[in-house]
Amino acid sequence: MRYFEDLQTGRMLSTENAASAELMAENDKRYKEVKVKTKGKGTPKVEQEE
């Protein structure tokens with residue numbers, strides 16, 4: 001699972017589809033890939049960049 005932030009809306013998006021992830025990663029003007037920490041079940045926690 002890969003996570004992206006939509007830079008226009010601020011929404012967090014996730015995808016398991018390789019083609020979708022590749023398109024989002026290539027479009028760096030609209031999306032930014034973010035790292036997440038997952039611990040068991042539940043909502044992943046986004047790591048804050050400094």
Side-chain angles (χ1 to χ4, degrees):
M1 180 81 66
R2 292 174 69 181
Y3 297 89
F4 295 87
E5 178 182 2
D6 184 326
L7 299 174
Q8 291 181 348
T9 65
R11 287 184 167 188
M12 295 301 299
L13 308 169
S14 62
T15 184
E16 289 182 346
N17 184 296
S20 295
E22 186 176 334
L23 289 171
M24 288 179 170
E26 290 175 358
N27 189 353
D28 58 355
K29 292 178 183 167
R30 175 78 192 254
Y31 302 104
K32 179 175 84 172
E33 188 165 8
V34 293
K35 306 274 187 217
V36 296
K37 289 183 179 180
T38 56
K39 197 172 196 181
K41 293 184 179 180
T43 305
K45 192 172 201 176
V46 175
E47 291 181 9
Q48 297 295 324
E49 292 184 14
E50 295 181 32

Please list every donor-acceptor pair under 3.5 Å in which a side-chain atom of residues 13-23 meets a protein atom from a residue at least two apart or in another chain.
residue	atom	partner	partner atom	Å
Thr15	OG1	Asn17	N	3.1
Asn17	OD1	Ala19	N	2.9
Asn17	OD1	Ser20	N	3.0

| query | Heavy-atom distance under 4.5 Å between the side chains of Val34 and Phe4, does that happen here? | reply | no
| note | CG of Asp6 to CE of Met12, rounded to nearest 0.5 Å, is 10.0 Å
| note | Those residues at least two apart in sequence (or on a different chain) that pass side-chain hydrogen bond (donor to acceptor under 3.5 Å, both in side chains) with Gln8 are Arg30
| request: Working to the nearest 0.5 Å, report the span between CD of Glu5 and CE of Met24. | output: 12.0 Å
| query | Considering all heavy atoms of both residues, which atom of Arg2 and which atom of Ala25 are nearest to each other, and what is their separation? | reply | NH2-CB, 3.8 Å
| query | If we only count heavy atoms from C-beta on, is the Tyr31 to Glu33 side-chain gap below 4.5 Å? | reply | no
